[in-house]
Amino acid sequence: MAKAGITTRDKDYSQWYLDIVDQADLAENSGVRGCMVIKPHGYAIWELIRDALDQRIKETGHVNAYFPLLIPKSYLMKEAEHIEGFAPEVAEVTRAGGEELAEPLVIRPTSETIIGATYAKWIRSWRDLPVLINQWANVMRWEMRTRPFLRTAEFLWQEGHTAHATEEEAEQETLKILHDVYADVVENVMAIPVYRGLKTERERFAGAVRTYSIEAMMQDGKALQAGTSHNLGQNFAHSFEIKYQTSDNREEYCWTTSWGASTRLIGALIMAHSDDDGLVLPPKVAPLQVVLVPIFKTDEERSMVLEAVARLTAGWKGRFRFKIDDRDNLSMGFKANEWEVKGVPVRVEIGPKDLQKGTVAVSRRDRPGREGKTFIEQAGLDEHIEGLLDEMQQALYDRALAFQRVHTFEAADYDEFKQKVEQGFVRVYFDGNGDDEDRIKAETKATVRVLPFDQAEEAGRCFFTGRQTQRIAIFARSY
RNA sequence: CGGGGCGUGGCUCAGCCUGGUAGAGCGCAGCGUUCGGGACGCUGAGGCCGGAGGUUCGAAUCCUCUCGCCCCGACCA
């Protein structure tokens, strides 16, 4: 049963997505093409994701700092592959203070260059290493076509930039971030299972030696890159002269990394869990975990019910994120729908009949409508809700994992591949090169999402070239 | 940048073809009745019809130009 204002998923998936963003009050378009206003409810979700990431970034030894929005254009030009990758989508400032600037400034599409230039000044000795810095920032990429959260001209993210003495240490850093920060947050906080692995050369970040990513599956079977981590080798160190003196007095270039996750994660959250009734949020990223809806007619009932609500929620501060919806100009039904559309995990209704019976009605969002509603005793409500939130967090993950597994296919040949990739991910032996990837993309819209870490034990036949190979790739169409 | 579509109260749109006093629903404000799954009645506020030229006695409506937005494709976290 779809609510007014939300297109069903099977009718038009991308319109459904836009409707959720609109109806759940997450974001809206602004006067600037491609730039969205993130509304309070959407921003509150971002704050929870941001805090989860920030906590892990700090736990793994990094500190936060801030680098400028504007970057001298010459900086961007220094790393050849990097500029080639970003040039088409960079916005430039050429006038300021009423005058033409001597050198144009670009609005950062990412900050490797200005941070590289800074690190070159900061790093002198092996004793200065490693440098482990993260920044929370906005960046701008002038995209042709935008969609709220998934692809916007300006977006919010964190970008970590580190410098190390050895190649091994940089590689370890790159992988540590992927597993201990990104996969951990996306799986255990956002309840979205991911595939982890290496990007092919075609899909690699411009300027990186190796790019790793985590890939989440959306309900339409498409992939969404939920976090990327780059081993930059010595590319940027060479371009920006990031050098250090070793303990035996030699001069060496640093090994650097960079890694990022963005507001796009909110798009992943929406498309992984939500349904035709609106947003569905895992409790850990729900700005409101519990909403209490008091039900009353008379003033007398009102005061009695509100008193009971106050008593029930007495110990909740700091334990649950909750709200008492005592607006008296709206019907209970309207409120029920509003909180469902906004994705609040648990809704508690309490009215005069409950006062008599010592009960409350508890609804869980992952089972929409009246089906998710049960009446329970008021005594022990706290424990019940606590248990329910944990259960829902797990249930959403389990459901997403089951979906991911059912929609990950194998394919023995290209014909089978074409058919399966319409429905989800395809995990195959793949021995092709970049040109083969291009051809597959042109013909099926699918790309290699990752070469997963769990590779094959035995060799098999490449679905595309027919050659024997050990290499496994996961293909999918992607956002 | 190609291909479509659209600009009329806050929102969704009708009116345009065939020129003649700007409309509806929703929302909003006030009052009353309601209230256990998107309540209802009454009253009311709110728009020089994206902008500029032109045709005409008269333009939301016809003509020219312009600005902007949305959707679909090529590029991308």
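The figures here come from the full heavy-atom set of this structure, side chains too, leaving out hydrogens, waters and symmetry mates. Throughout, a chain's letter reflects where its sequence line sits, starting with A, and its residues are numbered from 1. None of these values were measured; they are calculated from a predicted model.
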Name the nucleic acid region contacted by [X], choosing base, sugar-phosphate or nothing; use a 4.0 angstrom heavy-atom cut-off, strictly under.
X	result
A/Thr152	base
A/Phe375	base
A/Glu143	base
A/Gly351	base

**OP:** Please list, by residue number, the residues of residues 325-336 of chain A whose heavy atoms come closer than 4.0 Å to an atom of RNA chain B; answer none if no residue qualifies.
**Re:** A/Ser331, A/Met332, A/Gly333, A/Phe334, A/Ala336
Subject >> Interface with RNA chain B, restricted to residues 296-314 of chain A and to heavy atoms under 4.0 Å >> reply: A/Phe296, A/Lys297
Which one is paired to [N], where only Watson-Crick or G-U wobble pairs with both distances under 3.5 angstrom count?
N	result
B/A45	none
B/C11	B/G25
B/A74	none
B/U18	none

Subject >> Cation-pi check, A/Arg56 onto A/Trp259 ring (under 6.0 Å, within 45° of axis) >> reply: no
Original post:
Is the cationic atom of A/Lys73 (NZ for Lys, CZ for Arg) positioned less than 6.0 Å from the six-membered ring centroid of A/Tyr75 and within 45 degrees of its normal?
Top reply: no
Subject >> Ring-base stacking, A/Phe155 with B/A77 (5.5 Å, 30° cut-offs) >> reply: yes
Can you tell me, in whole Å, how much space there is between the [atom1] of [N] and that of [M]?
N	M	atom1	answer
B/A60	B/A22	C1'	8 Å
B/C28	B/C70	P	26 Å
B/C42	B/C26	P	11 Å
B/U12	B/G53	C1'	32 Å
B/G9	B/C13	C1'	12 Å
B/G73	B/C65	C1'	29 Å
B/C62	B/G3	C1'	27 Å
B/U61	B/G7	P	13 Å

Original post:
A/Leu355 or A/Ser478: which one's nearest nucleotide on RNA chain B is closer to the 5' end?
Top reply: A/Leu355
Subject >> Under 4.0 Å protein heavy-atom contacts per nucleotide of nucleotides 66-73 of chain B, with B for base, S for backbone only and - for none >> reply: ---SS-SS
Please give, in whole Å, the distance from [N] [atom2] to [X] [atom1]?
X	N	atom1	atom2	result
A/Glu371	B/G37	CD	P	13 Å
A/Glu340	B/G38	CD	P	12 Å
A/Gln135	B/A77	CD	P	18 Å
A/Lys199	B/A77	NZ	C1'	10 Å
A/Ile295	B/U34	CD1	C1'	14 Å
A/Lys353	B/G37	NZ	C1'	13 Å
A/Arg347	B/G36	CZ	C1'	11 Å
A/Glu28	B/U12	CD	P	11 Å

Subject >> A/Thr447 vs A/Arg449, side chain to side chain donor-acceptor pair (under 3.5 Å): CA-CA, chis, key distance, verdict >> reply: CA-CA 6 Å; A/Thr447 50; A/Arg449 301 321 302 159; 2.7 Å; yes
Within a 6.0 Å radius of atom [atom1] on [X], are there more than 12 heavy atoms belonging to other residues, nucleotides or ligands?
X	atom1	result
A/Lys323	NZ	no
A/Trp142	CH2	no
A/Glu300	CD	no

**OP:** Taking only Lys NZ, Arg NE, NH1 and NH2, and the carboxylate oxygens of Asp or Glu, determine whether A/Glu215 and A/Lys199 approach each other closer than 4.0 Å.
**Re:** yes
Original post:
Could A/Arg365 and A/Asp275 be called an ion pair, given the rule that one side-chain N must be under 4.0 Å from one carboxylate O?
Top reply: yes
Subject >> Heavy-atom closest contact (A/Glu79 atom, A/Asn235 atom, distance) >> reply: OE2-CB, 3.7 Å
**OP:** Could you tell me if the ring centre of A/Phe417 sits under 6.0 Å from that of A/Phe475?
**Re:** yes
Side-chain donor/acceptor pairs under 3.5 Å, residues 265-273 of chain A, sequence neighbours excluded:
residue  : atom : partner  : partner atom : Å
A/His273 : NE2  : A/Met190 : O            : 2.9
A/His273 : NE2  : A/Ala191 : O            : 3.3

Subject >> Result of checking A/His230, A/Glu112, A/His161 against A/Ser258 for side-chain hydrogen bond (donor to acceptor under 3.5 Å, both in side chains) >> reply: A/Glu112
Original post:
Between B/G36, B/G37, B/A77, which nucleotide gets closest to the side-chain atoms of A/Lys373?
Top reply: B/G37
**OP:** Only counting residues at least two apart or in another chain, list the ones meeting ring pair (Phe, Tyr, Trp, His ring centres under 6.0 Å) with A/Phe322.
**Re:** A/Trp316
Original post:
Taking only residues two or more places apart in sequence, or in another chain, which ones meet A/Arg202 in a salt bridge (Lys or Arg N to Asp or Glu O under 4.0 Å)?
Top reply: A/Asp435, A/Asp438
